[in-house]
Colleague: 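Questions regarding the structure given below will be posed in turn.
Below, each value reflects all heavy atoms present in this structure, side chains not excepted, and no hydrogens, waters or symmetry copies. Just follow the structure's listing: the first ligand is 1, and inside any ligand the first atom is 1. Just so it is clear, the model here is predicted, and its values are computed rather than measured.
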Amino acid sequence: MANRWINRLRDRDVTDEGVYLNRRQIMGGAAAGIGLAGLGQGAAAQEALTPNDYEDITQYNNYYEFGTDKGDPAKYAGALTTSPWTVTIAGMVDRPGDYAFEDIMKAMTIEERIYRLRCVEAWSMVVPWNGFELADLLNMAGVQSGAKYVAFETAYRPEEMPGLRFPVLDWPYVEGLRLDEAMHPLTIMATGIYGKDIPNQNGAPLRLVVPWKYGFKSIKSVVRITLTDKQPPTSWNKAGPREYGFYSNVNPEVNHPRWSQADERPIGGGLFARRVPTLMFNGYEEEVAHLYEGMDLTANF
Ligand SMILES: Nc1nc2c(c(=O)[nH]1)N[C@H]1C(S)=C(S)[C@@H](COP(=O)(O)O)O[C@H]1N2
Ligand SMILES: [Mo]
């Protein structure tokens, strides 16, 4: 299954890939292109991933604070003021406080990670993110021993976010991870795409990316991170608890109550693009399956 996926991605337009490889050479040492070299099949699969076009990644978005159509975020998210930006780190940490985005960037190592993004709506993309490991940020704040979960919150700006007028979700958008998921080396805070600052519609100036979970876990434009000993509420789970669980790991064997999760539609493949099989943990099974050992993934969906 993994091979079919890789081959299909390689069949895509080589022009964009050529431009991209060229850019990677320009970026030199900063662009390793491989998140976890040497971690077996997952890393091998990742090396072979061909990213979607910049166009696809930045014009087809989910960011409901700016509207529910896929084109709305690109149209309206420009209104979001992303500088200055402060991330409040609170709860069970040794060094709580308001961290300026620039200070975070100075302290972090920016890497490139080419990850699959699989939306719960059954479409997918491959995105070349730039960002840093969330673990590095959490360690900077000093996680206390009793902490078990990490809660995240998106900016709440009614004057800049037209979508907040509609009660689609209980705003602000909130998400959460178990601490071991948050500390996993695949989990990043993305600050760029294709080597440029991340566009507003993709979650500027920094957004979570958890590649083995459905896209809605990857919360955008984060203003608050709270370490806690209780499982935090999450926006989609509050909106539809039977449809969206806390874990929301990509799993082709656990269907959404209203549609199959066995396969997906890669964005950028054109109108008649074939669907491709969805991979367990979105292709990151080797890296993350151990986090869920002994858990019933149907009950903990
Ligand atoms: N704050 C916020 N974060 C969000 C969303 C949102 O509506 N609001 N949508 C989520 C969903 S459903 C997906 S699939 C991804 C999409 O990320 P992208 O637009 O960068 O592809 O962002 C996630 N993060
Ligand atoms: Mo999504």
Colleague: Under 4.0 Å from a heavy atom of N202: which atoms of ligand 1 are those, numbered in the order shown and with their elements?
Modeller: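 Taking each heavy atom of N202 in turn, ligand 1 has 18 (P), 20 (O) under 4.0 Å.
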
Colleague: In the protein, what heavy atom is nearest to atom 24 (N) of ligand 1, and what distance, to one decimal place, separates them?
Modeller: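 Protein heavy atom at minimum distance: S218 O, 2.9 Å.
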
Colleague: With a 4.0 Å cut-off on heavy atoms, is R207 in contact with ligand 1?
Modeller: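 A heavy atom of R207 does come that close to ligand 1.
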
Colleague: Atom 8 (N) of ligand 1: which protein heavy atom is closest, and how many Å away?
Modeller: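 Result for atom 8 (N) of ligand 1: E65 OE1, 2.8 Å.
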
Colleague: May I ask you to check whether Q144 and D94 show a side-chain donor-acceptor distance below 3.5 Å?
Modeller: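 Yes.
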
Colleague: Are Y64 and W171 close enough that their ring centres sit under 6.0 Å apart?
Modeller: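 Between Y64 and W171, the centre distance exceeds or equals 6.0 Å.
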
Colleague: Taking only heavy atoms of C119, which atoms of ligand 1 are found under 4.0 Å from at least one of them?
Modeller: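 Listed by number with element: 14 (S).
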
Colleague: For atom 9 (N) of ligand 1, grab the closest protein heavy atom and report residue, atom and distance to one decimal in Å.
Modeller: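 Result for atom 9 (N) of ligand 1: N62 O, 3.2 Å.
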
Colleague: Which protein heavy atom lies closest to atom 23 (C) of ligand 1, and at what distance to 0.1 Å?
Modeller: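 The closest heavy atom on the protein side is G215 O, 3.3 Å.
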
Colleague: Please report the shortest heavy-atom distance between C119 and N62, naming the atom on each side.
Modeller: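 For C119 versus N62, the nearest heavy atoms are SG-ND2, 3.7 Å.
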
Colleague: Check each of Y156, W171, Y173 against atom 2 (C) of ligand 1 and report the one with the nearest heavy atom.
Modeller: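 Closest candidate by heavy-atom distance is Y173.
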
Colleague: State, without any angle test, whether W212 and N249 hold a side-chain donor-acceptor pair at a distance under 3.5 Å.
Modeller: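 Side chains of W212 and N249: pair found under 3.5 Å.
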
Colleague: Flag yes if more than 12 heavy atoms outside D197 fall under 6.0 Å of its CG atom; otherwise flag no.
Modeller: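 No - once you tally the heavy atoms of other residues, nucleotides and ligands closer than 6.0 Å, there are 12 at most.
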
Colleague: Do me a favour and list the nearest non-hydrogen protein atom to atom 19 (O) of ligand 1 with residue, atom name and distance?
Modeller: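 Result for atom 19 (O) of ligand 1: K220 NZ, 2.6 Å.
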
Colleague: What is the nearest protein non-hydrogen atom to atom 7 (O) of ligand 1, stated with its residue, atom name and distance?
Modeller: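 Protein heavy atom at minimum distance: Y64 N, 2.8 Å.
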
Colleague: Under 3.5 Å, is there a donor-acceptor pair between the side chain of W129 and the main chain of M189?
Modeller: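 Answer holds: no.
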
Colleague: Assess the side chains of T154 and Y63: does a donor N or O sit below 3.5 Å from an acceptor N or O?
Modeller: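 No.
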
Colleague: Between ligand 1 and W129, is the shortest N or O to N or O distance under 3.5 Å?
Modeller: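 Not met; the criterion fails.
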
Colleague: May I ask you to establish whether K217 and F246 are in a cation-pi arrangement, using a distance under 6.0 Å from NZ or CZ to the six-membered ring centre and at most 45° from the ring axis?
Modeller: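 Flagged: K217 positioned over aromatic ring of F246.
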
Colleague: If you count the atoms of ligand 1 from 1 in the order shown, which ones are under 4.0 Å from a heavy atom of T154?
Modeller: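 Per the distance check, 1 (N).
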
Colleague: Please determine if R113 and E133 form a salt bridge, counting it only when a charged side-chain N lies under 4.0 Å from a carboxylate O.
Modeller: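 Looking at R113 and E133, the cut-off is met.
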
Colleague: May I ask you to identify the nearest protein heavy atom to atom 21 (O) of ligand 1, giving residue, atom name and distance to one decimal place in Å?
Modeller: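 Protein heavy atom at minimum distance: L117 CD2, 3.3 Å.
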
